[in-house]
Amino acid sequence: MEAHLLRKYFIMGSQNCDRDPIEILTEAVQAGITAFQFREKGPGSLAGLRKVVLGRQLREICYEYSIPFFVNDDLELAKVLGADGIHVGQDDRFAEEVRARFPDKIIGLSVSNSLELENSPLSAVDYLGAGPVFATGTKSDAKTPVGTKWISQIRKQHPNFPLVGIGGINTTNSNEVMEAGADGVAVISAITKAKDIQAAVRSL
Ligand code: 3NM
């Protein structure tokens, strides 16, 4: 994949939103996010048909603005929505299985420590999401923050592998993540909770 697509990677599900997710995504794409992940997961999230209906609307916005649309974990949904890519975590299906089923989609994998990284099938995935870089209140089961040092280490080990930092990243600390060698920052609350999404995305 082209690593520059990871630069401002916005992740969201309706559970992260205090107002209409469609409005939030529209503002974010107009402000210049480079990729979007639909992550309808955790307390308060939609399921079944309501999840599909929202997903379709969000997918359409990304299509209209020509930015890649990713689905978190849900392979069936990724297929139904014609997603450009799928993001899987360590607890989700093995990345190799996802690759076998979707040879042409972009596949991202979360890593939270060196052991996970060592055991990751890098040849089966297109990019890594490393984190949480900083403490985050958005994901209740987030692991211990890895800090930007670990981002630098991964970059040293894998000089050319597309890499995005995630977790607790905001307009104030995103530059540290980029300086550590990430290709981009993946954020939820820095955008969903922003008073001015245009300004937040620009600042990221
Ligand atoms: N994954 P915020 S942290 C979805 O560490 C997610 O893998 C993480 O939300 C990981 O930008 C996280 O609001 C939540 O901190 C990111």
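Just follow the structure's listing: the first ligand is 1, and inside any ligand the first atom is 1.
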of all protein heavy atoms, closest to atom 16 (C) of ligand 1 is Ile188 CD1, 3.9 Å
Has the side chain of Asp84 got a donor or acceptor atom that lies under 3.5 Å from a matching backbone atom of Phe69?
-> yes
Residues Glu179 and Arg155 bridged, charged N to O under 4.0 Å = no
Is it the side chain (CB and beyond), the backbone, both or neither of Lys143 that lies under 4.0 Å from ligand 1, heavy atoms counted?
-> neither
Ala190 to ligand 1: N or O pair under 3.5 Å?
-> no
Would you indicate which of Thr136, Val185, Ile166 comes nearest to atom 10 (C) of ligand 1 when only heavy atoms are counted?
-> Ile166
If we only count N/O pairs under 3.5 Å, is Gly131 in contact with ligand 1?
-> yes
Decide if atom CZ of Arg99 counts as having more than 12 heavy atoms of other residues, nucleotides or ligands within a radius under 6.0 Å.
-> yes
Which atom names give the shortest non-hydrogen contact between Leu58 and Pro21, and what distance separates them?
-> CD2-O, 4.0 Å
Output yes when the distance from some N or O of ligand 1 to some N or O of Val187 is under 3.5 Å, and no in every other case.
-> no
Distance-only polar pair, side chains of Lys143 and Asn113, donor-acceptor under 3.5 Å | no
Give a yes or no on whether a salt bridge exists between Lys193 and Asp18, defined as a side-chain N under 4.0 angstrom from a carboxylate O.
-> yes
In the protein, which heavy atom is nearest to atom 5 (O) of ligand 1, and how far is it?
-> Pro132 N, 2.9 Å
Run the numbers for me: atoms of ligand 1, each under 4.0 Å from some heavy atom of Ser189, listed by number.
-> 2 (P), 11 (O), 13 (O)
What residue and atom, counting heavy atoms only, is the protein's closest point to atom 2 (P) of ligand 1, and at what distance?
-> Thr138 OG1, 3.4 Å
Around atom 8 (C) of ligand 1, find the nearest protein heavy atom and jot down its residue, atom name and distance.
-> Lys139 CD, 3.7 Å
Say whether Ala142 and ligand 1 are in contact under the criterion: heavy-atom distance to a ligand atom below 4.0 Å.
-> no
For atom 3 (S) of ligand 1, which protein heavy atom lies nearest, and how many Å away is it?
-> Gly167 CA, 3.8 Å
Near Arg39, which atoms of ligand 1 are under 4.0 Å from a heavy atom of that residue?
-> 4 (C)
Hey, what's the ring geometry for Tyr127 with Phe70, parallel, tilted or perpendicular (30° and 60° as the breaks)?
-> perpendicular
Quick one: are Thr34 and His4 in side-chain contact, heavy atoms under 4.5 Å?
-> no
Do other residues, nucleotides or ligands put more than 12 heavy atoms under 6.0 Å from Arg101 CZ?
-> yes
